Trainee: 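I'd like to ask some things about the structure below.
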Amino acid sequence: MATRLTRRQALLASGAALGYFHLAPAVSAARAYRANDKLRVGGIGGGGKGASDIDQAGNLMEVVALCDVDEVKLAPKAKKWPEAKTFSDFRKLFDDTSLLKNVDAFTISTPDHTHALAAVLAMRAGKHVYVQKPLTHDVYEAHLLR
């Protein structure tokens, strides 16, 4: 037969749990993996709208990867963040597994017809994405992203 939980026992149990969260040192909450680290971002597309996207992300996060097919547009961003690894093809960026371990998110500001492909590759790698509109070229790509 099941034992009944009295009101007093329930209050004592919930009080103990609340007491822990109220009295526990902040150090225990900060022990979560990389909880206080700066986020690391990669920028795919560095010209046009991509330039402002990666600049804004760079103000808040550490830029660790840059990708643009046009070397002229990539050069100023590579100069601004010299520690960032540069690529001319985003498919090669996603082939670099050591880099992917150190990236938390990507900004994707490529020509419209390639937004979805880069976003799918990033999401399959378990990364967060910020994608410029239009998100997809057709309904199939929208379903693929979903």
Side-chain angles (χ1 to χ4, degrees), residues 2 5 9-146:
L5 184 65
Q9 291 169 329
L11 286 173
L12 284 173
S14 63
L18 290 174
Y20 169 76
F21 288 115
H22 182 67
L23 300 174
V27 176
S28 66
R31 278 189 273 166
Y33 177 69
R34 292 184 47 214
N36 295 323
D37 289 354
K38 200 169 191 183
L39 291 175
R40 294 173 296 223
V41 66
I44 300 174
K49 186 63 181 144
S52 64
D53 288 347
I54 196 61
D55 284 341
Q56 291 298 317
N59 290 338
L60 303 171
M61 300 176 241
E62 179 185 351
V63 178
V64 294
L66 295 166
C67 179
D68 199 300
V69 70
D70 187 351
E71 292 292 328
V72 173
K73 293 179 181 175
L74 183 61
K77 300 303 173 192
K79 187 176 179 182
K80 185 172 183 176
W81 294 289
E83 66 282 349
K85 201 167 181 182
T86 58
F87 297 88
S88 59
D89 185 343
F90 65 80
R91 295 171 298 181
K92 302 239 191 249
L93 184 150
F94 291 109
D95 287 341
D96 190 343
T97 55
S98 63
L99 174 72
L100 284 179
K101 291 177 185 175
N102 294 321
V103 177
D104 298 308
F106 286 99
T107 64
I108 300 171
S109 308
T110 58
D112 294 351
H113 63 281
T114 58
H115 286 173
L117 178 58
V120 164
L121 290 173
M123 289 189 293
R124 285 185 178 167
K127 307 304 174 189
H128 299 278
V129 293
Y130 171 80
V131 185
Q132 277 297 330
K133 63 181 182 181
L135 182 63
T136 63
H137 187 260
D138 55 28
V139 176
Y140 172 77
E141 290 179 350
H143 287 290
L144 191 62
L145 285 176
R146 180 189 51 122

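Here the structure is a predicted model, which means the values were calculated and not measured.
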Trainee: Could you report the tightest heavy-atom contact between Arg124 and Leu144, atom names first, then the distance?
Mentor: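 Nearest heavy atoms, Arg124 then Leu144: NH2-CD1, 3.9 Å.
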
Trainee: Is it true that a side-chain atom of Asp68 and a backbone atom of Lys73 form a donor plus acceptor pair closer than 3.5 Å?
Mentor: no

Trainee: Kindly give the heavy-atom pair with the smallest separation between Phe90 and Leu121, and that separation in Å.
Mentor: CE1-CD1, 3.8 Å

Trainee: Is there side-chain contact between Leu74 and Glu71, with at least one heavy-atom pair below 4.5 Å?
Mentor: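 The answer is yes; the side chains approach within 4.5 Å.
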
Trainee: Can you tell me how far the NZ atom of Lys92 sits from the CZ atom of Phe87, to the nearest 0.5 Å?
Mentor: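 Taking NZ in Lys92 and CZ in Phe87, the distance rounds to 10.5 Å.
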
Trainee: Applying the side-chain contact (heavy atoms from CB on, under 4.5 Å) test to His115, which of Val120, Ile44, Leu145, Val131 qualifies?
Mentor: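 Testing each of Val120, Ile44, Leu145, Val131 against His115, the sole residue satisfying side-chain contact (heavy atoms from CB on, under 4.5 Å) is Val131.
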
Trainee: Ignoring hydrogens, what is the shortest heavy-atom contact between Ala65 and Leu93? Give both atom names and the distance.
Mentor: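 Minimum heavy-atom contact is CB-CD1, 4.1 Å.
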
Trainee: Are the side chain of Lys49 and the backbone N or O of Gln132 linked by a donor-acceptor pair below 3.5 Å?
Mentor: no

Trainee: Could you check Ile54, Val63, Asp55, Leu66 and say which one makes a side-chain contact (heavy atoms from CB on, under 4.5 Å) with Lys80?
Mentor: Asp55

Trainee: Measure the spacing between CG of Asp104 and CE of Met61 and express it to the nearest 0.5 Å.
Mentor: 9.0 Å

Trainee: Taking all heavy atoms of Leu100 and all of Ala125, pick out the closest pair and write down the distance.
Mentor: CD1-CB, 4.2 Å

Trainee: Of all the heavy-atom pairs spanning Val72 and Pro76, show the shortest one and how long it is.
Mentor: O-CD, 3.1 Å

Trainee: At what distance, to the nearest 0.5 angstrom, does CZ of Arg146 lie from CG of Leu135?
Mentor: 13.0 Å

Trainee: Report the distance from atom OG1 of Thr86 to atom NZ of Lys77, rounding to the nearest 0.5 Å.
Mentor: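 Thr86 OG1 to Lys77 NZ: 14.5 Å, rounded to 0.5 Å.
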
Trainee: Return the minimal non-hydrogen interatomic distance between His113 and Glu141, and the atom names on each side.
Mentor: O-OE2, 4.4 Å

